[in-house]
Amino acid sequence: MTGRTAVAYRAGDGIRAGLMLDPIFAAAFAVAKERIRRMEYRYVEEADQNRQSLLEIYCAVVLATPYNDFGSH
């Protein structure tokens with residue numbers, strides 16, 4: 001929403017404390033928090049790590065989840 005797509009892991013303008021000083025970011029952040037607060041969710045508990053991995057892949061494929069590309073795993 002803000003056009004800020006770069007990630008920062010060091011102190012400065014790119015961390016949340018610095019971003020919150022930007023009124024555009026602060027407003028977008030508040031809207032996102034409210035949207036998340038209104039969400040309903042469900043979960044499945046799976047203690048076994050192997051089954052948990054398989055369940056995550058299965059759900060990503062069957063539900064066509066847009067944010068599970070497994071590119072960082």
Side-chain angles (χ1 to χ4, degrees):
M1 288 179 63
T2 65
R4 291 178 175 256
T5 57
V7 179
Y9 296 102
R10 295 186 180 158
D13 293 340
I15 63 170
R16 186 167 19 143
L19 291 169
M20 293 303 284
L21 299 174
D22 176 358
I24 295 171
F25 179 86
F29 188 76
V31 168
K33 279 180 34 176
E34 183 56 35
R35 182 178 61 87
I36 292 168
R37 196 174 283 123
R38 290 191 315 265
M39 287 181 180
E40 293 184 28
Y41 63 91
R42 297 178 189 178
Y43 66 93
V44 175
E45 183 176 359
E46 178 53 69
D48 181 79
Q49 289 184 341
N50 293 327
R51 289 178 184 230
Q52 186 181 66
S53 295
L54 293 171
L55 178 62
E56 185 177 356
I57 294 166
Y58 173 79
C59 290
V61 171
V62 170
L63 301 174
T65 56
Y67 303 111
N68 288 87
D69 63 4
F70 303 100
S72 63
H73 296 306

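Not measured: the values here are computed from a predicted model. Excluded from the calculations below are hydrogen atoms, water molecules and symmetry mates; all remaining heavy atoms, backbone and side chain alike, are included. The first residue of the sequence shown is numbered 1, and numbering continues consecutively from there.
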Colleague: Closest approach of T2 and A28, non-hydrogen atoms and distance?
Modeller: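 The answer is CG2-CB, 3.6 Å.
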
Colleague: Kindly write out the residues that satisfy side-chain hydrogen bond (donor to acceptor under 3.5 Å, both in side chains) with S53, not counting sequence neighbours, or none if the list is empty.
Modeller: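 So S53 forms no side-chain hydrogen bond (donor to acceptor under 3.5 Å, both in side chains) with any residue.
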
Colleague: Going by side-chain hydrogen bond (donor to acceptor under 3.5 Å, both in side chains), name the residues that satisfy it together with R35, two or more places apart in sequence or in a different chain.
Modeller: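 Testing R35 for side-chain hydrogen bond (donor to acceptor under 3.5 Å, both in side chains), a comparison that skips the adjacent residues, returns none.
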
Colleague: Can you tell me which residue pairs pass the salt bridge (charged side-chain N to carboxylate O under 4.0 Å, His left out) test with a partner in residues 18-33, sequence neighbours excluded?
Modeller: R4-D22

Colleague: Count the heavy atoms of every other residue, nucleotide or ligand shown that sit under 6.0 Å from CD1 of I57, and state whether that count exceeds 12.
Modeller: yes

Colleague: Linking directly or through intermediates, with side-chain heavy atoms under 4.5 Å: list the remaining ILVMFWY members grouped with M39, chain and number order.
Modeller: I36

Colleague: Could you tabulate the donor-acceptor pairs under 3.5 Å formed by side-chain atoms of residues 43-52, not counting sequence neighbours?
Modeller:
unit_1, atom_1, unit_2, atom_2, d
E46, OE2, D48, N, 3.2
D48, OD2, N50, N, 3.2
D48, OD2, R51, N, 2.8
Q52, NE2, E46, O, 3.4

Colleague: According to the ring-ring contact (aromatic ring centres under 6.0 Å, His included) rule, which pairs have a member within residues 15-38, sequence neighbours left out?
Modeller: F25-F29

